[in-house]
Amino acid sequence: MRAYILRRMALFIPTAFGVSVFIFLMLHVIPGDYATTLLLGGRDRALVATEEDFARVRNQLGLDKPLHMQYVTWAGKLLRGDLGISWINRQPVLERMLPRIAVSAQLGLMAVLIASIIAIPGGVIAAVRQDTFFDYVLRFVSMIFESMPNFWIGLLLIVGLLTMFDWIPPISYANLWEDPWDNLMILIFPAMVVGARSSAGMLRMTRSSVLEALREDYVRTAEAKGLYRSRILFIHVLRNALLPVVTLAGFEVVFLMGGQVVIEQVFNIPGLGNLFIQAVGSRDFPVIQAIVMFIACVVLIANLLVDLMYAWLDPRIRYT
Amino acid sequence: MTLPNIARQRDETPDVTLERRRMSFARMTLHHLRTKPLGTAGLLMVLTITVVAIFAPAIAPFDYQAQNYEAVRSAPNSTQLFGTDQFGRDVFSRVVYGARISLIVGFFSVLAGTGVGAVIGLFSGYFMGKTDAVIQRLVDMWMSLPDLILALVFVAALGNSIPNIILAIGATILPRGVRVIRSSTISLRETDYVMAARAIGSSDMRIILRHIAPNTMAPFLIIMSSMFGTAILTEAGLSFLGLGISEPTPSWGRMLTGQAAQYLSTAPWILVFPGLAISVTVLGFAFAGDALRDILDPRQRGR
């Protein structure tokens, strides 16, 4: 096990390094010169910039140095926890990101909680009653949910809430610690939308995991012994089938981030995705780089933990 | 009574398999259409949208750009089937033209993503070794970014013209193509006919092109059909965020963005129909893709 952990962890470092090179090259090589973007594209188009202005901006941003030196400077700072300064409002990137990470994490957790509450019992019932009407309806509904764009579900939910309860998405955001009730009321609906979509995949996983466990020899043995069906289901099937599902559900928070980006826009939630969209819109490269690096690292760490968890649960994995 | 029945059943079993083998392509298609009602429905949905996209100028009653300030936000009626938007543009015509963008972006990004992914997967799986290890790390890295975020990075770097959006969405599909084709290549390279080809001295190139590539067609088609819907959703997401297709080109995602949200309660048709168009198209591809997977890969049936 220790050898496996070390081997698996050793893979993390080159992968994270690869991501950093990729994101750096993406933003530095392809668009040509972004002093131009900053001087002309970002703000006033009529602004007349001289060659000296360009040179000054490039010098300030360190863009006149060779590319590999720029990367080393950036990566070196990154390792020391310095994410740089936003080009748009000159604030330190880390300072802007931290409160938003908390908001997005809370939204993600709530979404996963909602998804699990729907998907896990649903998946178990669909598996136990395989190929019945209930099974078909659940699978059909989950497919429909997966086909609807999540921002559209969000918009429709807002229409529904507006017409039925006169509820509109609040303009300001309430902090969890200062105003917990308002905060929950703001986040519950976006969490439902994000959760609804991820529950579809989770439902399918629960279903196939339970179906697999139902066909195991030990279930047949238990039936042969004459145990009650409920006892077989709860003690023999669910314990085995749900462990991986629950483990994975825990990490869904991380994998939901793509969907959250859009939903934070729809419901006006000041999360990380919201900041990311702002940064992409204004081509604020230090912020884009920092957020992408952060997300990639979180996903890679989650993948690592999922693999380790599986290896711990199922010793066969370690040897392949 | 019972005995002859059993005997007949016994006789029938081999007959059926023989019959299947002799079935012509047309009969096989018909057979699948009959046994897979959801798949058939999906196929019909996809075909309808395709026809609408191709003949958009003939189907749309109005110009998708024409603004009519006399009829702003008018409710669906007999001339404007889906009503008009905040600029008095006919929503139906815009939805019809929007099918073009969705299908074009979806088709080319899936083709590019799975195509390039398949080529990489073939070589990576066939040669194994160090190159394969490096490619797999790159795939891990690629997949550590959520689809939409990866696509947004591409758009931020390259700008949001239609070819760039196709490239951005294709890039999100690429690693999945690599994974799927690589794993089927690995199992194919151990088959007897590949061994035989190697024994008579066929070159690696010939083995890959003649013996392995044609046999990866089934997983290739499966991944293509299942990614099509995802690609359309990603495009809609990008356009909704205002970072995808730009006005005046009508894109379903774009139609749901910005000011449109303000008319949620007063003019819901501006939002309902484009969203419905996205959902129906994606659902059609999902149904068709599932049926295709069942037909081409019987092991996955019922999962």
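Side chains are part of it too, since the values below use all heavy atoms of this structure and drop only hydrogens, waters and symmetry mates. In what follows, chains carry the letters A, B, and so on, assigned in the order in which the sequence lines appear, proteins first and then strands, with residues in each chain numbered from 1.
For chain B, the nearby parts of Pro149(A) are the backbone and the side chain; heavy atoms of each come within less than 4.5 Å. Neither the backbone nor the side chain of Phe285(B) comes within contact range of chain A, judged by heavy atoms closer than 4.5 Å. With a 4.5 Å cut-off on non-hydrogen atoms, Leu276(B) touches chain A through its backbone and its side chain both. For Asp147(B), no part lies under 4.5 angstrom from a heavy atom of chain A. Only the side chain of Ile23(A) comes within contact range of chain B, with heavy atoms under 4.5 Å apart. Looking at Leu243(B), only its side chain comes within 4.5 Å of chain A, counting heavy atoms on both sides. Looking at Leu38(B), the atoms closer than 4.5 Å to chain A (heavy atoms on both sides) all sit in the side chain, from C-beta outward. For a residue to count as touching a neighbouring chain, one of its non-hydrogen atoms must lie under 4.5 Å from one of that chain's; by this rule Ile144(A) touches chain B with backbone and side chain alike. Looking at Leu283(B), the atoms closer than 4.5 Å to chain A (heavy atoms on both sides) sit in the backbone and in the side chain alike.
When each of Asn303(A), Val292(A), Ile288(A) is scored by its heavy-atom pairs under 4.5 Å with chain B, the top score falls to Val292(A). Per-residue heavy-atom pair counts under 4.5 Å with chain B were compared for Val298(A), Val261(A), Ile153(A), and the maximum is reached by Val261(A). Of the residues considered (Thr230(B), Ile232(B), Leu233(B), Leu148(B)), Leu233(B) shows the highest number of contacts with chain A, using heavy-atom pairs under 4.5 Å.
Counting only heavy atoms from C-beta outward, the side chains of Leu152(B) and Ile277(A) approach each other to under 4.5 Å. No side-chain heavy atom of Phe240(B) sits under 4.5 Å from any side-chain heavy atom of Asn150(A).
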Identify all side-chain donor-acceptor contacts of residues 94-107 of chain B below 3.5 Å with residues at least two apart in sequence or on another chain.
from	atom 1	to	atom 2	distance (Å)
Arg94(B)	NH1	Tyr64(B)	O	3.0
Arg100(B)	NE	Ala53(B)	O	2.8
Arg100(B)	NH2	Ile54(B)	O	3.2

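Here CD1 of Ile295(A) is found 3.0 Å from CD1 of Ile149(B). Values are rounded to the nearest 0.5 Å. Taking OG of Ser144(B) as the reference point, atom CZ of Phe12(A) lies at 9.5 Å (rounded to 0.5 Å). Going from atom CG of Asp290(B) over to atom CE of Met143(A) covers 3.5 Å, rounded to the nearest 0.5 Å. Separation of atoms OG (Ser279(B)) and CD (Glu146(A)) is listed at 12.5 Å; rounding is to 0.5 Å. If you take OG1 on Thr15(A) and CE on Met141(B), they are separated by 9.0 Å, rounding to the nearest 0.5 Å. Atom OG of Ser147(A) sits about 11.5 Å away from atom CD1 of Ile278(B), to the nearest 0.5 Å.
Under the ring-ring contact (aromatic ring centres under 6.0 Å, His included) criterion, Phe22(A) pairs with Trp142(B), sequence neighbours left out.
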Intermediate values then yes/no, side chain to side chain contact (heavy atoms under 4.5 Å, CB included), Leu155(A) and Leu256(B): CA-CA 9 Å; Leu155(A) 289 170; Leu256(B) 296 169; 4.3 Å; yes

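One N or O on the side chain of Trp152(A) and one on the backbone of Leu271(B) form a donor-acceptor pair closer than 3.5 Å.
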